[in-house]
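Structure first, commentary second.
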Amino acid sequence: MRQLIVPVLEIEEIAKATYQLDLEIEKSLLAQIKPGQFIHIRVNQGSEFMLRRPISVADIDLSLNKLTVIFKVFGKGTDVLTHLKTGELIDLLIPLGNGYPIESIEMEHALLVGGGVGVPPLYYLAKSLVEKGIKVTTVIGFQTKDEIFYEKEFATLGEVFVTTDDGSYGTKGYVTDVLQHEELNFDYYFSCGPAPMLKAVKKYLHYFPGYISLEERMGCGIGACYACVVKSADGKDQKKICTDGPVFNATEVMI
Amino acid sequence: MRQLIVPVLEIEEIAKATYQLDLEIEKSLLAQIKPGQFIHIRVNQGSEFMLRRPISVADIDLSLNKLTVIFKVFGKGTDVLTHLKTGELIDLLIPLGNGYPIESIEMEHALLVGGGVGVPPLYYLAKSLVEKGIKVTTVIGFQTKDEIFYEKEFATLGEVFVTTDDGSYGTKGYVTDVLQHEELNFDYYFSCGPAPMLKAVKKYLHYFPGYISLEERMGCGIGACYACVVKSADGKDQKKICTDGPVFNATEVMI
Amino acid sequence: MNLSVKLPGLNLKNPIMPASGCFSFGKEYSQFYDLSKLGAVVIKAATLNERLGNPTPRVAETYSGMLNAIGLQNPGVERIIDQELPYLKNYDVPIVANIAGSSVEEYEQVARAFQRTDGIAAVELNISCPNVKEGGLQFGTNPDVAAEVTRRVKAASNVPVYVKLTPNVTNVVEIAQAVEQAGADGLTMINSLTGMQIDLQNRRPLLANKVGGLTGPAIKPVAIRMVYQVYQAVKIPIIGVGGIMTAEDVLEFLLAGASAVQVGTANFQNPMICPELIEQLPACLAKYGFKSVEEAIGKGHHSE
Amino acid sequence: MNLSVKLPGLNLKNPIMPASGCFSFGKEYSQFYDLSKLGAVVIKAATLNERLGNPTPRVAETYSGMLNAIGLQNPGVERIIDQELPYLKNYDVPIVANIAGSSVEEYEQVARAFQRTDGIAAVELNISCPNVKEGGLQFGTNPDVAAEVTRRVKAASNVPVYVKLTPNVTNVVEIAQAVEQAGADGLTMINSLTGMQIDLQNRRPLLANKVGGLTGPAIKPVAIRMVYQVYQAVKIPIIGVGGIMTAEDVLEFLLAGASAVQVGTANFQNPMICPELIEQLPACLAKYGFKSVEEAIGKGHHSE
Ligand SMILES: Cc1cc2nc3c(=O)[nH]c(=O)nc-3n(C[C@H](O)[C@H](O)[C@H](O)COP(=O)(O)OP(=O)(O)OC[C@H]3O[C@@H](n4cnc5c(N)ncnc54)[C@H](O)[C@@H]3O)c2cc1C
Ligand SMILES: Cc1cc2nc3c(=O)[nH]c(=O)nc-3n(C[C@H](O)[C@H](O)[C@H](O)COP(=O)(O)OP(=O)(O)OC[C@H]3O[C@@H](n4cnc5c(N)ncnc54)[C@H](O)[C@@H]3O)c2cc1C
Ligand SMILES: Cc1cc2nc3c(=O)[nH]c(=O)nc-3n(C[C@H](O)[C@H](O)[C@H](O)COP(=O)(O)O)c2cc1C
Ligand SMILES: Cc1cc2nc3c(=O)[nH]c(=O)nc-3n(C[C@H](O)[C@H](O)[C@H](O)COP(=O)(O)O)c2cc1C
Ligand code: FES
Ligand code: FES
């Protein structure tokens, strides 16, 4: 884990209020990053924003020294980030947390289930899995058509199902509606998204082994402040999402 | 008085930690501004800086739609202002306060005495006086050689004396040393600078009619908060520097 | 959208009013916009006689806030009535008279003086002033003293009385309940937190008065907490104040339990803040599912 | 330049230490720099038994500040001694043990437990905790209760005791004098101000605990004011804390009367803040005419 000041390569609105931000980072560091890890971004140089913003790694391009994150404008801090310009410097802690343990899992076919801002980390995960020869099926959900991003990118890596809450595109409803109506084959599932979605996915897929990535409001992002905890499955212990997670075995935590 | 959002034409360091900032403002507004008036600058768009910064009008160029201010980096707010770039927008209240009443004074020769960041407003004053056919002699004081600015510009308008506290340029000492050692002819004096300088000048020139421009920490800048007061000469009343001043007849206030 | 709110003595067309001391008697800001747009105007604190206030410097800037120690400079209640209120009467806006004093008697006399004008809709009793007779401790820090001054001012007024609470107390609920008991028609909260800045160059407190009142967005979480706690403990309406910068901040105060809000420090950063908030409020209310201001009041107390 | 400061139990090579609760037990920040650079390390509050703390969300962001309601999550004093302190002992830095409890007895027991290790240089008594027996009011808001817990912890400790004061009181001087009388070796001030944020979307307080502690630069003026006031009223040294972001802020606390400082929230924004402040402090002291840290302490009280 390091603190880095890096230049913005590009920033672009790729869907409604959803921005792709490309950062220039040295290859040697990029090579260590695992899918599911995140970076902790300082909003700006003043004192107005005392907390950094945790954003997942969405993609890495070693040949271009490029790290990509995709974020949605939610409140004031992400709004400030949209005003970044090419060449501007940005302050990160990188890489943080534990990613998906794809090195240690034996599998042939992975199911990826993502919702909203939970979709980005699944993209780098999908790429990494496909590189390892693992088949990938992806189910991604959005509120409405304007908010969909990366459908095509996922399609180059395997089968993709898209849902929208309002039915303006793809299957109307939630990602679990796809899980219910499609006959999907897979050994492990990997999911990231808002807590209600994760709960539903975990419940629906509880016969399968899987990994989920959790979100929580963070202070330090490095395990020092105890802001970002989640109870262990037995309720006896608190896990820190920023260092023990954000990726957990679905049976490990109480959500 | 208006609130304006205007583009930066140029910003340049013209002396040690001293910046000239040129702003684009419509002619019709510029034409109303009097020497000695000031603008109230919002530092940036966030909440970190709740107070604006009062800065005197240093020059106006009607043909170029240009207003010039000159400011010294003193604390955090002026430091942020140095990072402005050409084309960036800046939020002003303009014009504020009462300027030097040069329309109503009969005179042939004016003495201008300025110190440090009190020098800028005297430049536009000198230009305006010369335009009216009044002779101008200027005495300006700085701490050290590196901090001197606008000597040449003043020299095009009349005789100029420069002092430095450390003697690194011009007369060593204070502006009052020049007043003491040179035989200066004038009808009225006009002075702007730090309070100790103004006190010394007022004391030294107390046989002459004159105007001084005061500084004080401000809240609103428009007369609504009572932050920026100075006692009237009789001690019975408080004058607001932002609206009754910043320019006062030297006999009007207690300094 | 319906932004109106009905409070004792105050028929507000919207819940936004400038806070006392940040708006003088309105004339200055009327150069920027039509004061009739405002929910109400709260004027600078009136004392019995003219006061020249504290020596300067009187303000300092702090991280997302400021300190002030103006020291109640004002021309005295009689001149306020004769020379300041007439201008404000040109506008279609209720006027709230903030009153201050160094003794219970002074408060009472100021309140009584305002009886002779029909120009004010309510009195706002600023009990953050030091109580000279009680050795300088603020009236607002002791429930008995706060109740006593409330009772006396209420009796001396012919309009509803809002008591403005200081946050510099261990238990704000206790004070709120005491002044409610004593007859307050409403509460305004909060006044400034006591703070200080030290001038590194001169090696002494920057403000001539040494301590000053901390205001601005820095204190908003304290204000929200106090409004929330007091809302659960009293029946009279609350006017929320402290750090408002955006329409979201206004809504946050409404949810905490405020029926209307005041905006102070933000006027200095942006003289158009009040009309801008009034303009933005309907969209903000709608975004969070509210159909009127009234509907949002206190709604932060019941999770769904 | 000489940055060292000698305080009861603490020979500080410089006056900068991370504040309790913002630095866990040091391991995380040791990934960023050598902890031996620090004046001291203040560890997360220890209670008698393990505590899991409050539900989430536990933090919120505010203008130039943040709210937290962690709820004293910690593994309990025994595990802290056995599993956390050994790592910190690898560094040449004094360790201050922050202790918390829900009853006087618990405070006492935690203090006594620390007697068995020689790993700590001082105890910091966090009296901002709710006093369960006294109905939840903070220990630190009543001078008698604060004195009582100080006396008992002092008797149960074999190292100097610093009492960490809460700012949520009407009269902080009274509390400071009470704990000085009760034997405190020093004071740490201030802990967080109680605040709240309301989640507009969910229409309820954002923190699961509803209220939380406001920290960060927003509160610095309150901290400076309290340090300044207490410095004039007690003889024991003060460790200043609240909103420090820059070397100038550190100097401001020294001038107000602090002998050393703690840095909390700023660690989250900038993990290198403590070593950066240590590096910048000499130039800052020199700029304002000081030749050492010791020379600056309390110098804001005498104007020249
Ligand atoms: C491990 C992790 C990975 C994430 N990855 C992504 C991603 O790839 N793309 C994306 O768009 N979003 C992601 N998020 C959510 C993202 O962090 C929040 O949307 C963002 O912090 C909101 O900041 P704001 O300034 O817009 O909101 P504000 O309301 O101004 O934020 C105030 C505070 O709350 C925190 N906060 C608000 N919402 C969330 C949230 N949902 N999760 C965590 N903290 C929150 C902020 O970080 C900040 O500290 C991730 C969150 C976590 C914990
Ligand atoms: C009418 C008037 C005209 C001025 N004209 C000029 C000018 O032409 N050029 C120039 O360099 N300076 C001028 N000044 C001084 C200038 O306003 C301050 O240097 C500046 O505000 C300092 O801001 P800062 O962010 O650097 O300091 P900070 O210390 O960060 O400022 C904190 C607060 O204190 C106020 N403040 C600090 N010093 C002063 C001061 N000397 N006077 C008033 N407020 C102060 C700031 O405005 C701000 O509100 C003028 C001041 C006044 C009152
Ligand atoms: C310069 C200034 C002067 C003030 N004067 C008064 C006053 O005379 N009477 C009063 O009750 N409150 C006074 N206040 C407090 C404000 O009315 C308000 O309660 C406080 O500023 C918090 O709101 P804000 O954060 O929006 O500024 C003053 C505040 C400021 C900044
Ligand atoms: C996340 C967090 C946890 C804290 N935990 C403790 C604690 O366990 N014990 C304590 O005495 N203070 C605790 N504090 C208060 C800090 O030690 C410090 O007093 C306060 O944050 C003010 O300093 P700052 O503005 O530099 O953050 C905590 C503060 C934060 C932000
Ligand atoms: S964010 Fe601090 S422990 Fe996770
Ligand atoms: S700055 Fe507000 S009255 Fe002058």
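Throughout, a chain's letter reflects where its sequence line sits, starting with A, and its residues are numbered from 1.
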Query raised in the report: So does Lys203(A) have more than 12 non-hydrogen atoms from other groups sitting under 6.0 Å from NZ?
Result: no
Query raised in the report: When rounded to the nearest 0.5 angstrom, what is the spacing between NZ in Lys231(A) and OG1 in Thr56(D)?
Result: 9.0 Å
Query - Other residues, nucleotides, ligands: >12 heavy atoms within 6.0 Å of Phe49(A) CZ - result: yes
**Report entry** Within 6.0 Å of NZ in Lys89(D), more than 12 heavy atoms from elsewhere
**Finding:** yes
Report task. Could you tell me which portion of Lys27(D) (side chain, backbone, both or neither) has an atom closer than 4.5 angstrom to a non-hydrogen atom of chain A? Result -> neither
Requested in this report: With rounding to the nearest 0.5 Å, note down the distance linking CZ in Phe268(D) to CE in Met218(A).
Outcome: 12.5 Å
Query raised in the report: Given Gln238(A), which of Arg51(D), Glu50(D), Gln73(D) fulfils the side-chain contact (heavy atoms from CB on, under 4.5 Å) condition?
Result: Gln73(D)
Query raised in the report: Are any non-hydrogen side-chain atoms of Tyr29(D) and Ile222(A) less than 4.5 angstrom apart?
Result: yes
Requested in this report: Give me the one residue out of Glu48(A), Arg217(A), Lys76(A), Arg53(A) that meets side-chain contact (heavy atoms from CB on, under 4.5 Å) with Glu61(D).
Outcome: Arg53(A)
Query raised in the report: Looking only at atom types and distance, does a side-chain atom of Arg58(D) sit under 3.5 Å from a main-chain N or O of Tyr226(A), one as donor and one as acceptor?
Result: yes
Query raised in the report: Around atom CD of Glu279(D), are there more than 12 heavy atoms of other residues, nucleotides or ligands at under 6.0 Å?
Result: no
Report task. Tell me, yes or no, whether the heavy-atom count around Lys202(A) atom NZ, taken from other residues, nucleotides or ligands under 6.0 Å, exceeds 12. Result -> yes
Report summary line: Between the CG atom in Asp91(A) and the CE atom in Met272(D), the distance rounded to the nearest 0.5 Å is 11.5 Å
Query raised in the report: How far apart are the closest heavy atoms of Ser64(D) and Met50(A), and which atoms are they?
Result: C-CG, 3.7 Å
Report task. Using a cut-off of 6.0 Å, state whether more than 12 heavy atoms not belonging to Lys16(A) lie near its atom NZ. Result -> no
Requested in this report: Taking atom CD of Gln3(A) as the centre, report whether more than 12 heavy atoms of other residues, nucleotides or ligands fall under 6.0 Å from it.
Outcome: yes
**Report entry** For Arg52(A) against Pro271(D), the heavy-atom pair lying closest together
**Finding:** NH2-CD, 3.9 Å
**Report entry** Point-to-point distance, once rounded to the nearest 0.5 Å, from CE of Met66(D) to SG of Cys225(A)
**Finding:** 6.5 Å
Query - Least distance between heavy atoms, Ala227(A) atom then Val59(D) atom - result: CB-CG1, 3.6 Å
Report summary line: Cut-off 4.5 Å, heavy atoms of chain A, and the answer for Thr215(D) is neither
Query raised in the report: Taking all atoms of both residues into account, what is the closest heavy-atom pair of Leu52(D) and Asp237(A), and its distance?
Result: CD2-CA, 4.2 Å
Requested in this report: Considering only heavy atoms and a distance below 4.5 Å, find which of Ala60(D), Ser24(D), Pro217(D), Gly216(D) pairs most often with chain A.
Outcome: Ser24(D)
Query - Heavy-atom closest pair, residues Glu28(D) and Lys240(A) - result: OE2-NZ, 4.0 Å
**Report entry** Which portion of Phe23(D) sits near chain A, non-hydrogen atoms under 4.5 angstrom
**Finding:** backbone
Report task. For residues Met245(D) and Ser47(A), report the shortest heavy-atom separation together with the two atoms involved. Result -> CE-CB, 3.7 Å
